[in-house]
Engineer: 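Please see the structure below; I have some questions.
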Amino acid sequence: MTGTPTRTLLLWCPDWPVLAAEIVDGVPATGPVAVLHANRVVACSERARAEGVRRGLRKREAQGRCPQLTVVDYDPGRDARAFEPVVAAVEELVAGVEVVRPGACAVAARGPSRYLGGEEAAAERIIEHVAQSCLVESQVGIADGVFAAGLAARSGRVVPPGGTPEFLAGLPVEALGRSALADLLRRLGVRSLGDFAALPAGDVLARFGFDGALAHRLAAGRDHRPLAVRQPPADLTVTAEQDEPIDRVDVAAFVARALAEQLHERLAGHGLACTRLGIEAVTEHGQELHRVWRHDGLLTAAAIADRVRWQLDGWLSGSSGRTGARPARPTAGIIRLRLIPDGVIAQAGLQAGLWGETGEERERAHRALSRVQGILGPEAVVTAVLGGGRSPADQVRLVPWGDERLPTRPGPAPLPGEPIARPGPAPLPGGPIASGGGRAVSAGRPADRSVGGVPPWPGRLPAPAPAVVLPSPLAATVHDAAGEAVVISARLAVSAPPARLVVGTGRPAEIVGWVGPWPVDERWWAPAEARRRARFQVCLADGTALLLAVEAGQWLVEAIYD
């Protein structure tokens, strides 16, 4: 390995795990605080050090030296989250920052030193900016290579160019951060980095292996590893400021097309495409409007322009404040319009069809439905999503058109292709049925199945699903052949075969076939949400098939089969 070490500026925040605990969890860093990992101290506050607490001590020994010690568990995620604002503050002054670890970040010193007036001036400027922006104390070290700059930061030194080997020579071998190697070197009589660097490289490799050879290069000041700088996230948002407020749809459409093309070009420049678009508008009176549009495919420049135009048309053509289907229009014209690519993916291109555009009919339908949403609001067009549940009403969720089609309840919906059973000549789904008012031969639960590794819902109804699920169940009464009300006992015993059904105040209808009961006992552990009912499927003389439920002694019509 050859190369010249990069002149590096490293910012170090002392006792960062302690500061992170104060920032995130509110633990006061001014008191005696120790951060423990695997029952050993990995960091401690200045007050704790004054009481004799040191890194590497066990918890019991540390508490013995400082009885008032506050113990905090080590959390690398917390340290990284708290350090992000510090890195962002450094990026406001310099570009190409590498996060060495939470609490330390490095940057090539050449750029900041040239436009901030030298290395020392750059170090002072960065320290001051971090202190003002994040209220965090820090130290900066500058040397040849990241390793030497990190050691220089502990004393706030600026090592002259070419002076890194001399600076490192007087440091103990523990500065390498390899406790096992440092212990072995001390037992061999090698106590400083200068002594270690003086050993032949070939002998070090043969005796200590690759990691020892790497440590040997660091001790000699030959750390030429290039900085692994992070790229700050690109600002993909586009904004249009208007001198005159926009209150006409045609003017808004012109502005929307220009802004959409600008956004599409910016995304294409980064190799990205938009799948979810946020549209924000600010009126002359300060009113803020926001709407998010989703799309199953990739939004082209024309598609982005259409959605912005539709949304502006919906806002500007809203109602005048009276109650109606349309939302109220803004109180003033729009002076600022912003497009935010809320969801982006890598642009891989789309394969067009041989005989026309792929999915052209689907796109036309999507444009029409999205147009209705732009005028009447997102809830004006909904689509059904199937999910898990025991009853048909639980298995369907209505989501606005274009939103993510995620079921409310996990698990499979009723399976298409399950054996279909109907009343009359064939039994209803879920078990055999005795026609002509006979009692069900079996009153067990419908069979449960697992689809794709997803656990089933015990007690769910099998296919076919009802054609109509009533939004509110209809009250009904069921009588036997003698005219007595049919009741269900706690042990699911039917008092008599159902013979007639009366829905609400309607006329009695003869029941020619029935099956059930199927019990459902849900959320029994939560009394306020518990629900216990039994379900029946019945066939009437006119051929109608219904799903009935008995809950708290009341018969209900829940759904109708086709």
Side-chain angles (χ1 to χ4, degrees), residues 10-86 99-105 127 130-131 134-141 147-157 167-196 211 215 218-219:
L10 188 140
L11 180 135
W12 172 61
C13 299
D15 307 326
W16 181 253
V18 178
L19 292 178
E22 180 181 40
I23 295 172
V24 177
D25 299 332
V27 180
T30 55
V33 180
V35 179
L36 270 67
H37 178 61
N39 205 39
R40 289 188 178 272
V41 177
V42 295
C44 58
S45 63
E46 183 178 357
R47 175 81 175 275
R49 283 194 295 272
E51 298 289 338
V53 179
R54 295 291 184 270
R55 293 180 57 185
L57 291 181
R58 292 186 178 275
K59 177 181 178 181
R60 185 178 298 275
E61 185 178 357
Q63 291 177 329
R65 297 186 180 187
C66 181
Q68 301 82 18
L69 186 66
T70 301
V71 176
V72 179
D73 291 333
Y74 174 65
D75 185 355
R78 176 189 62 205
D79 297 348
R81 291 192 303 271
F83 192 58
E84 179 61 26
V86 177
V99 179
V100 180
R101 63 181 180 279
C105 59
I127 292 174
V130 169
C134 307
L135 302 178
V136 172
E137 294 184 359
S138 59
Q139 297 178 191
V140 167
F147 174 71
L151 296 178
R154 296 182 178 275
S155 56
R157 291 186 55 179
F167 164 70
L168 295 174
L171 298 178
V173 290
E174 287 77 11
L176 291 171
R178 294 165 169 83
S179 56
L181 177 61
D183 182 66
L184 180 57
L185 290 175
R186 281 199 170 275
R187 286 191 279 116
L188 294 175
V190 180
R191 302 183 179 278
S192 66
L193 295 183
D195 297 338
F196 186 39
D211 187 66
L218 296 178

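All values below come from the heavy atoms of this structure, side chains included, with hydrogens, waters and symmetry mates left out.
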Engineer: Just verifying a value: how many Å separate E137 CD and L19 CG, rounded to the nearest 0.5 Å?
Structural biologist: 8.5 Å

Engineer: Let me confirm one number: the CD1-CG distance from I127 to L11, rounded to the nearest 0.5 Å.
Structural biologist: 6.5 Å

Engineer: Taking side chain as C-beta onward, heavy atoms only, is W16 less than 4.5 Å from V35?
Structural biologist: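 Heavy-atom side-chain distance check fails, nothing below 4.5 Å.
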
Engineer: Compare every heavy atom of P28 with every heavy atom of V33, then report the nearest pair and how far apart it is.
Structural biologist: CG2-O, 3.3 Å

Engineer: Is there a donor-acceptor pair under 3.5 Å between the side chain of R157 and the backbone N or O of S155?
Structural biologist: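 Side chain of R157 to backbone of S155: no pair is present.
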
Engineer: Closest heavy-atom contact between P102 and D79?
Structural biologist: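 In terms of heavy atoms, the two residues are closest at CB-CB, 3.6 Å.
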
Engineer: Under 6.0 Å from the CG atom of D183, do we count more than 12 heavy atoms belonging to anything else shown?
Structural biologist: yes

Engineer: Return the CZ to CD distance between R186 and E174, rounded to the nearest 0.5 Å.
Structural biologist: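 The distance works out to 4.0 Å.
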
Engineer: Mind checking side chain to side chain contact (heavy atoms under 4.5 Å, CB included) for P32 and listing every partner two or more places apart, or none if nothing turns up?
Structural biologist: R47, A48, C66, Q68, L69

Engineer: Measuring from L57:CG to R55:CZ, what's the distance to the nearest 0.5 Å?
Structural biologist: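 If we round to the nearest 0.5 Å, L57:CG and R55:CZ are 11.0 Å apart.
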
Engineer: Please check this pair: side chain of R49 against backbone of R54, looking for a donor-acceptor N/O pair closer than 3.5 Å.
Structural biologist: no

Engineer: About how many Å separate CG of D15 and OG of S45, when rounded to the nearest 0.5 Å?
Structural biologist: 7.0 Å

Engineer: Which residues pass the salt bridge (Lys or Arg N to Asp or Glu O under 4.0 Å) test with E51, sequence neighbours left out?
Structural biologist: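 So E51 forms no salt bridge (Lys or Arg N to Asp or Glu O under 4.0 Å) with any residue.
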
Engineer: Any idea which heavy atoms bring L10 and V100 closest together, and the distance?
Structural biologist: CD1-CG2, 4.1 Å

Engineer: How close do P85 and R81 get, counting heavy atoms only, and between which atoms?
Structural biologist: CD-O, 3.5 Å

Engineer: Using every non-hydrogen atom in the two residues, find where V173 and V190 come nearest and quote the distance to one decimal.
Structural biologist: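 The pair with the smallest heavy-atom distance is CG1-O, 3.8 Å.
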
Engineer: Would a 4.5 Å heavy-atom cut-off, applied to side chains only, mark R40 and K59 as touching?
Structural biologist: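 Result no, sub-4.5 Å side-chain heavy-atom pair not found.
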
Engineer: State, to 0.1 Å, how close F83 and R101 come at their nearest heavy-atom pair, and which atoms those are.
Structural biologist: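 Answer, listing the atom of F83 first, then R101: CE2-O, 3.9 Å.
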
Engineer: Atom CG in L188, atom CZ in F196: separation rounded to 0.5 Å?
Structural biologist: 10.0 Å

